[in-house]
Amino acid sequence: MLRWLIGGGREPQGLAEKSPLQTIGEEQSQNPYTELLVLKAHHDIVRFLVQLDDYRFASAGDDGIVIVWNAQTGEKLLELSGHTQKITAIITFPSLESCEEKNQLILTASADRTVIVWDCDTGRQVRRVSCFQSTVKCLTVLRSLEVWLSGGNDLCVWNRKLELLCKTSHISDTGISALVEIPNNCVAAAVGKELIIFRLVAPSKGSLEWDIIEVKRLLDHQDNILSLVNVNDVSFVTGSHVGELIIWDVLDWTVQAYERNFWDPSPQLDVQQEIKLCQKPNDVSIHHFTCDEENVFAAVGRGLYVYNLQMKRVIACQKTAHDSNVLHIARLPNRQLTSCSEDGSVRIWELREKQHLAAEPVPTGFFNMWGFGRVNKQASQPVKKQQENTTSCSLELIGDLIGHSSSVEMFLYFQDHGLVTCSADHLIILWKNGERESGLRSLKLFQKLEENGDLYRAA
């Protein structure tokens with residue numbers, strides 16, 4: 001009931017009844033985050049968190065302010081003010097031995113069409129550039145070339161001093177929504193439903209100028225690309241508004257795998273009609289990815305899916321992991337996954353292997369998946385075929401963190417300091433390992449008693 005009060009009610013009728021939200025009681029024995037610390041400093045939606053080092057992070061959002069925090073104590077270290085509108089992208093630019101500027105830098109882009117470089121150790125505004133013709137929606141750093149890129153209606157290449165090295169012509173009014181670095185001085189850019197490959201040409205003996213060249217346009221998606229991340233050294237993955245997952249080769253940019261059947265649509269029925277009847281239009285949108293050596297984890301609508309790279313199929317899923325769309329996911333140690341949602345919740349999952357005691361007939365078709373109708377004889381498949389169609393693992397809910405009163409935009413994980421979440425309620429919450437924090441408090445008390453000599457007098 002508390003979740004409904006905080007994050008909004010569930011669907012009163014329809015799909016949610018056929019795939020109920022998994023719940024967990026108050027006794028969450030595997031959830032270590034039993035203490036929380038609420039941080040108040042922002043005056044609008046907090047959309048971004050970026051880790052600076054082992055104990056600091058920065059937050060940014062619609063109030064145009066960047067704040068640097070201590071992840072252990074929650075202390076506000078710095079407030080960086082310089083933008084006049086909401087921040088649209090933020091990244092860190094690590095210090096380089098070849099540069100005069102040794103401190104770590106933060107780059108922020110804003111809807112005011114500026115990019116500012118900040119010294120995150122002093123809070124000093126190092127440089128500012130305001131020559132953009134459109135809002136910069138994404139930033140990425142190419143450490144091998146010691147440059148960074150800004151993506152808006154065009155793609156620009158900059159050095160550490162914010163000097164423009166080269167740029168493309170106007171690409172699209174839609175703008176570049178995401179960028180990732182791929183081998184051979186290339187980047188992949190998501191522009192609407194297109195994926196464009198660009199190559200950077202550094203100065204050489206033949207040419208003293210930088211250049212950026214469009215190499216290829218990939219048109220395999222049927223709708224806008226919402227997420228784009230690197231998987232490993234040989235592949236990257238994209239996800240679209242209509243639930244298309246495509247894994248690409250990083251060298252020749254060919255399709256290595258394609259998945260769209262997250263909802264198991266029946267081939268005899270019209271897929272679009274089913275979606276209109278039984279789901280919200282955005283229920284299949286892929287909002288975010290995270291990866292490990294074996295799997296791609298996808299946030300699809302309100303659900304979570306685990307796609308195995310070797311088997312090229314979904315091996316585990318929670319079709320209704322949250323009451324609303326899942327916005328951000330990340331892996332934790334010990335085969336755990338964390339997700340946050342528009343419903344205001346943060347949930348922790350564990351990927352477990354299923355123990356198959358006996359093969360059972362697998363229902364086919366969209367409506368049978370949700371329990372509509374009966375399984376006919378033709379739906380029964382040979383055992384080998386059934387094993388191919390069933391999931392071999394499961395995502396089990398082990399923790400439910402309720403503290404925000406509005407959409408949770410994203411989070412960070414610190415190995416020693418717990419989870420950090422940011423929300424549309426203007427708040428940041430530090431979720432602490434209660435057992436660890438209790439031990440630290442006891443240790444500090446013991447040290448204080450020892451310093452004052454009280455410990456020996458008591459003995």
side-chain contact (heavy atoms from CB on, under 4.5 Å) with H83: which of T88, T108, I65?
T108
Any donor-acceptor N/O pair, S172 side chain to T174 backbone, under 3.5 Å
yes
List the atom of T92, the atom of Q51, and the distance in Å for their closest heavy-atom pair.
CG2-O, 3.9 Å
Aromatic plane relationship, W148 with W158 - under 30° parallel, 30 to 60° tilted, over 60° perpendicular
parallel
Ignoring hydrogens and geometry, is there a side-chain-to-backbone donor-acceptor pair from T168 to L155 under 3.5 Å?
yes
Less than 4.5 Å apart, any side-chain heavy atom of L397 and any of I348?
no
State, without any angle test, whether S227 and H287 hold a side-chain donor-acceptor pair at a distance under 3.5 Å.
no
Salt-bridged, D121 to R56, with N to O below 4.0 Å?
yes
D323 backbone acceptor or donor facing D343 side chain under 3.5 Å
yes
Just so I know, are the side chains of S423 and E409 near enough to count as touching, which here means a heavy-atom distance under 4.5 Å?
no
A side-chain contact here means heavy atoms from C-beta on lying under 4.5 Å apart; do V46 and D62 qualify?
no
Using only heavy-atom distances, determine whether the side chains of H241 and S285 contain a donor-acceptor pair under 3.5 Å.
yes
Report yes or no: do D154 and H170 form a side-chain donor-acceptor pair below 3.5 Å?
no
Distance in Å, I246 CD1 paired with L195 CG, rounded so as to fall on 0.5 Å steps
8.5 Å
Could you state the interatomic distance from CZ (R199) to CD1 (I182), rounded to the nearest 0.5 Å?
8.5 Å
With rounding to the nearest 0.5 Å, note down the distance linking CG in N325 to OG in S341.
7.0 Å
Here the pair of heavy atoms bringing A298 nearest to L245 is CB-CD1, 4.4 Å
Kindly check if the number of other-residue, nucleotide or ligand heavy atoms within 6.0 Å of CG (D233) is above 12?
no
I need the T23 OG1 to D400 CG distance, nearest 0.5 Å.
8.5 Å
Side-chain donor or acceptor of R347 paired with backbone N/O of G399 under 3.5 Å
no
Side chain to side chain donor-acceptor pair (under 3.5 Å) partner of S339, chosen from Q318, H328, H322
H322
Between L304 and L337, what is the shortest heavy-atom contact and its length?
CD1-CD2, 4.0 Å
Indicate the atoms forming the closest heavy-atom contact of V136 with S150, along with that distance.
CG1-CB, 3.8 Å
Look at E163 together with K161 and state whether they make a salt bridge at an N to O cut-off of under 4.0 Å.
no
I'd like to know if the side chain of T114 reaches the main chain of V129, judged simply by a donor and an acceptor atom lying under 3.5 Å from each other, with no hydrogens or angles considered.
no
Heavy-atom nearest pair, F411 first then C340, reads CD2-SG, 3.7 Å
Could you tell me whether the side chain of V229 reaches within less than 4.5 Å of the side chain of C291, counting heavy atoms only?
yes
Let me confirm one number: the CG-OG distance from D425 to S406, rounded to the nearest 0.5 Å.
6.0 Å
Within the distance-only criterion (no hydrogens, no angle test), does the side chain of R352 pair as donor or acceptor with the backbone N or O of L395 below 3.5 angstrom?
no
Are D44 and K86 ion-paired here, with the side-chain N under 4.0 Å from a carboxylate O?
no
To the nearest 0.5 angstrom, please state how far the OG atom of S324 sits from the CZ atom of R302.
7.5 Å
Keeping S394 on the side-chain end and E396 on the backbone end, is there a donor-acceptor pair under 3.5 Å?
no
Determine whether more than 12 heavy atoms belonging to other residues, nucleotides or ligands lie under 6.0 Å from atom CG of D54.
no
All heavy atoms of F48 vs all of M410, minimum pair found to be CA-SD, 3.7 Å
Any donor and acceptor pair, going by atom type alone, linking the side chain of Y307 with main-chain N or O of N295 inside 3.5 Å?
no
Partner of W248 under side chain to side chain donor-acceptor pair (under 3.5 Å), chosen from T238, D220, T254:
T238
Decide whether D63 and H42 meet the rule of one side-chain donor and one side-chain acceptor closer than 3.5 Å.
yes
For the side chain of S235 and the backbone of I247, is there at least one donor-acceptor N/O pair under 3.5 Å apart?
no
Hydrogens and angles aside, do W349 and T338 bring a side-chain donor and acceptor to less than 3.5 Å of each other?
no
Please determine whether side chain to side chain contact (heavy atoms under 4.5 Å, CB included) holds for the pair L149 and F198, giving the CA-CA distance in whole Å, both sets of side-chain angles, and the decisive distance to 0.1 Å.
CA-CA 11 Å; L149 282 67; F198 293 96; over 6 Å; no
Check R217 with E214, please: is the shortest side-chain N to carboxylate O separation under 4.0 Å?
yes
Steps toward side chain to side chain contact (heavy atoms under 4.5 Å, CB included) verdict (L309, V231)
CA-CA 10 Å; L309 295 168; V231 176; 3.7 Å; yes
Less than 4.5 Å apart, any side-chain heavy atom of C138 and any of I176?
yes
For R313 and N308, run side chain to side chain contact (heavy atoms under 4.5 Å, CB included): C-alpha distance rounded to whole Å, both residues' side-chain angles, the deciding distance at 0.1 Å, then the answer.
CA-CA 6 Å; R313 68 178 181 88; N308 186 270; 5.6 Å; no
Using a 4.5 Å cut-off on heavy atoms from C-beta on, say whether the side chain of N185 contacts that of L145.
yes
Aromatic contact between H417 and Y55, with the criterion being ring centroids under 6.0 Å apart: yes or no?
no
For E294 and Q310, indicate whether the former's side chain and the latter's backbone hold a donor-acceptor pair under 3.5 Å.
no
